[in-house]
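Here the structure is laid out as structure tokens; the discussion comes afterwards.
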Number of protein chains: 2
Amino acid sequence: MTNLLPMADEPAPERADAARNRQAILVAALELIRTRGVDCVTMETVASAAGVGKGTLFRRFGSREGLMAAVLNESEAAWQASVISGPPPLGPGAPPMERLLAFGHSRMRTNVTSGALIKAATGDSSARSRAAASFAVMHVRHLLHELRVSGDLVLLSIAILAPLDIMVIEQQQRDHISLDRIEAGWDDLVRRVVGG
Amino acid sequence: MTNLLPMADEPAPERADAARNRQAILVAALELIRTRGVDCVTMETVASAAGVGKGTLFRRFGSREGLMAAVLNESEAAWQASVISGPPPLGPGAPPMERLLAFGHSRMRTNVTSGALIKAATGDSSARSRAAASFAVMHVRHLLHELRVSGDLVLLSIAILAPLDIMVIEQQQRDHISLDRIEAGWDDLVRRVVGG
DNA sequence: AATGAAAACGGACCGCGGTCCGTTTCGCCT
DNA sequence: AGGCGAAACGGACCGCGGTCCGTTTTCATT
């Protein structure tokens, strides 16, 4: 007999070799990205560096985009943790407005810093962008609520977050707009949206 | 003797065969896109449909993205014309606020309609997105100025335009948010930014 | 320990975007 | 006209993302 407690639907009883390979792939990918830069890392390179076949990469991660998303996830999770339970003003404990501004600044700088990886992980319908965006919207919506903002908070959150997108930021940088100015502009936007 | 009036730096004295081929390519590409959909149009297909070699495509347009941008440009130019000199409320003649709202609605619907082509034409550092975005920012900035909005108008324009981006819109549609709701949310955003 | 089926593996294979370079065409100038 | 340098052409070629399917590994059961 198996499975004394057939708990709900456990997503995936992953086989041992699969787990081992997955870890090896992620480690190899991270290292290669660090040394060569995202754009110079090919799936075949990662595969041979991890000591697996190319097919395995695609089996586990679906696409190059998926692999990059998995790599990105590790740092992203840490960032989300610091938003949820880190020190103020990013984490809880500061007034909502300060938290909101800190959140935007942090998100913006993070986007710039790991822009290449984020772009490599963000495609047309990437599962990654759904999850990441969802978290950000959730958080901003919550802060707007605490600030007693009224209206369609989900849409306002999306509107507030949109200018922080890497593509948008990079476009502005190409036009010689400094990060500080972008940041100040975003603060202004937020104050207008929140009102008062 | 040539060139009696050596006007500034004319960009490119294009050769006759080059012009002919360029036209043939654009026509063929447009037709193929219409019938098969953007994603099923390969460079080789376009080349043979236009009766030229693949190398010619890349010579004239630099990349697939560039070709798509050129195709998109034709409709985009028409749209820009209707903004600049078409009937109100999109064109001149209506009060600035009405024009601004009409502009956003029109841009949003256009983005949704030709989303696939826009995405195919918009890459990491596409010349296209620079030009198109530049026009939009210019126009919104102008309207904000007429509305007596104070602040960093360029950044405010960018912030207002960001939520209209196809990627953002499609993300919301995936989350089952209707276009009407998105539109209403955007109107709300604009009113908050403009103030009063 | 033996066994058998499900799951994972891996590398040959494909299609497409993009490059390269020898060949062809154009159009200016005598 | 016809010759000449520059520009455009075109298709063979390359690298990479992604797929496919025959082979190997794992692990639950006996």
Side-chain angles (χ1 to χ4, degrees), chain A residues 1-4 6 10-26 28-29 32-33 36-71 119-126, chain B residues 1-4 6 10-26 28-29 32-33 36-71 119-126:
Chain A
M1 191 202 234
T2 23
N3 218 355
L4 287 235
E10 293 282 335
E14 194 177 45
R15 236 169 66 172
D17 53 347
R20 212 176 330 117
N21 280 339
R22 149 115 125 278
Q23 207 52 31
I25 291 168
L26 284 177
L32 284 173
I33 289 171
R36 302 192 195 181
V38 182
D39 299 336
C40 296
V41 174
T42 77
M43 294 301 267
E44 224 150 16
T45 309
V46 173
S48 77
V52 304
K54 204 211 291 201
T56 301
L57 287 210
F58 286 94
R59 161 177 302 276
R60 310 293 316 160
F61 300 100
S63 65
R64 178 192 156 89
E65 198 180 296
L67 171 59
M68 295 309 179
V71 171
K119 281 193 288 185
T122 305
D124 272 8
S125 56
S126 69
Chain B
M1 189 203 235
T2 22
N3 216 356
L4 287 235
E10 293 283 335
E14 193 178 45
R15 237 168 67 172
D17 52 346
R20 212 177 328 118
N21 280 338
R22 146 115 129 277
Q23 208 51 32
I25 290 168
L26 284 177
L32 285 172
I33 289 172
R36 303 193 193 179
V38 182
D39 300 337
C40 295
V41 175
T42 76
M43 293 301 266
E44 224 149 16
T45 309
V46 173
S48 77
V52 303
K54 204 212 287 201
T56 301
L57 287 209
F58 286 94
R59 162 178 301 274
R60 309 297 310 164
F61 300 100
S63 65
R64 179 190 154 89
E65 198 179 297
L67 172 59
M68 296 309 179
V71 171
K119 281 193 287 185
T122 305
D124 271 7
S125 55
S126 68

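Below, read A as the first sequence line, B as the second, and so on, with proteins coming before strands; counting in each chain starts at 1.
Under the rule for a side chain to side chain contact (heavy atoms under 4.5 Å, CB included), the partners of A121(B) that lie at least two apart in sequence or sit in another chain are M68(B), A69(B), L72(B), R128(B). Applying the side chain to side chain contact (heavy atoms under 4.5 Å, CB included) test to A19(B) and every residue at least two apart in sequence or in another chain returns E14(B). Here T42(A) pairs with E44(A), T45(A) under the side chain to side chain contact (heavy atoms under 4.5 Å, CB included) rule; sequence neighbours left out. Residues meeting the side chain to side chain donor-acceptor pair (under 3.5 Å) test with D39(A), sequence neighbours left out: none. Here K54(A) pairs with nothing under the side chain to side chain donor-acceptor pair (under 3.5 Å) rule; sequence neighbours left out. With sequence neighbours excluded, no residue forms a side chain to side chain donor-acceptor pair (under 3.5 Å) with T56(B). The side chain to side chain contact (heavy atoms under 4.5 Å, CB included) test applied to R20(B) returns D17(B), not counting sequence neighbours.
Residue-to-nucleotide proximity on DNA chain D shows that, of A16(A) and R60(B), the 5′-proximal contact is made by R60(B).
The shortest distance between the side-chain N/O atoms of N21(B) and the OP1/OP2 oxygens of dA8(D) is not below 4.0 Å. Within the 4.0 Å cut-off from OP1 or OP2 of dT26(D), at least one side-chain nitrogen or oxygen of R20(A) is found.
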**OP:** Go through the steps to decide whether N21(B) and R60(B) satisfy the test side-chain contact (heavy atoms from CB on, under 4.5 Å), and finish with yes or no.
**Re:** CA-CA 9 Å; N21(B) 280 338; R60(B) 309 297 310 164; 5.7 Å; no
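If you take CG of L57(B) and P of dC9(D), they are 10 Å apart, rounded to a whole angstrom. The CZ-C1' distance, from R59(A) to dT24(D), rounds to 12 Å in whole Å. Between the P atom of dT26(D) and the CZ atom of R22(A) lies a distance of 17 Å, rounded to the nearest Å.
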**OP:** Mark up nucleotides 14-19 of chain D, 5' to 3', with B wherever a protein heavy atom is under 4.0 angstrom from a base atom, S wherever such an atom reaches only the sugar-phosphate, and - elsewhere.
**Re:** --SBBB
Original post:
Just by protein heavy atoms under 4.0 Å, how would nucleotides 1-6 of chain D read 5' to 3' in B, S and -?
Top reply: -----B
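Candidate nucleotides dC26(C), dG10(D), dA8(C) were compared by shortest atom distance to the side chain of T56(B), and dG10(D) ranks first.
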